Amino acid sequence: MNSLRRFFSVGARDADARVSAALAPQPLEPADRYLRDSNVVGAIDRITVMLHDSWRSSVTGQSVSQLAGAFASESRRDQWSAIASIILTAVAVHVVLTMANGPRPGWFWTVIPALAAVFAMLVLAAARGSQSDE
């Protein structure tokens with residue numbers, strides 16, 4: 001009986017060692033070194049920086065930044081009301097364009113616009129019902 005107990009305990013220790021070795025996190029240094037020294041990754045990084053700088057200096061980027069600043073300066077109630085209005089406008093445009101494209105068979109195409117409209121109405125109700133303007 002002692003040898004049987006030893007057999008299972010040695011097997012359990014071996015299984016535990018193998019599983020823990022298999023699940024141990026691999027070192028990330030080789031991957032980091034590869035990415036750091038890669039010409040392709042360096043080119044992608046330079047292109048990303050160039051695009052970011054181009055966006056910041058463009059008229060469109062500056063306009064978007066000003067709009068975002070103006071939106072952030074509004075109260076939470078006004079922000080949520082604007083978001084709900086945008087969603088409801090998108091739902092209306094979607095339904096009008098779908099109807100203008102011709103009649104659709106069945107009602108299934110109305111599920112997504114209906115869900116979006118319900119969500120927008122809930123957001124609008126929460127915005128109107130909130131007592132605090134943060």
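Remember, it's a predicted structure, so these values are computed and weren't measured experimentally.
- Between Ser20 and Ala17 the shortest heavy-atom distance is OG-O, 3.0 Å.
- The backbone N or O of Ser85 lies less than 3.5 Å from a partner atom in the side chain of Thr89, making a donor-acceptor pair.
- One finds the CG atom of Leu124 at 7.0 Å from the CG atom of Leu88 (value rounded to the nearest 0.5 Å).
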Steps toward side-chain contact (heavy atoms from CB on, under 4.5 Å) verdict (Met99, Trp109): CA-CA 11 Å; Met99 295 300 287; Trp109 67 274; 3.6 Å; yes
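- Within 6.0 Å of CG on Asn39 lie no more than 12 heavy atoms contributed by other residues, nucleotides or ligands.
- With hydrogens and angles disregarded, no donor-acceptor distance shorter than 3.5 Å links the side chain of Ser38 to the backbone of Leu35.
- The OG atom of Ser75 lies 12.5 Å from the CH2 atom of Trp80; values are rounded to the nearest 0.5 Å.
- By the 4.5 Å heavy-atom criterion applied to side chains, Leu97 and Val93 are counted as neighbours.
- Annotation: salt bridge (charged side-chain N to carboxylate O under 4.0 Å, His left out) contacts of Arg36 (sequence neighbours excluded): Glu29.
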For the pair Arg13 and Val10, evaluate side-chain contact (heavy atoms from CB on, under 4.5 Å) and give the outcome as yes or no after the intermediate values. CA-CA 5 Å; Arg13 274 184 276 163; Val10 168; 3.7 Å; yes
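- Rounding to the nearest 0.5 angstrom, the gap separating the CD1 atom in Ile112 from the NE2 atom in His94 is 8.5 Å.
- Summarising the geometry of Ser57 relative to Gln62, their closest heavy-atom pair is O-NE2, 3.6 Å, with the distance given to 0.1 Å.
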Donor-acceptor list for residues 40-52 side chains, cut-off 3.5 Å, not counting sequence neighbours:
from	atom 1	to	atom 2	distance (Å)
Arg46	NH1	Gly42	O	3.4
Thr48	OG1	Ile44	O	2.7

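- The nearest pair of heavy atoms linking Ala117 to Val91 is N-CG2, 3.9 Å.
- Applying the salt bridge (charged side-chain N to carboxylate O under 4.0 Å, His left out) test to Asp37 and every residue at least two apart in sequence or in another chain returns nothing.
- Shortest non-hydrogen contact noted between Ala120 and Ile87 is CB-CG2, 3.6 Å.
- Side chains of Phe119 and Leu122 form no contact here, defined as non-hydrogen atoms less than 4.5 Å apart.
- Considering only heavy atoms from C-beta on, Asp78 stays 4.5 Å or farther from Phe71 through its side chain.
- Phe108 and Val95 are assigned to two separate hydrophobic clusters, defined by single-linkage of ILVMFWY side chains at heavy-atom distances under 4.5 Å.
- Atom OG of Ser9 is separated from atom CG of Leu4 by 10.0 Å, given to the nearest 0.5 angstrom.
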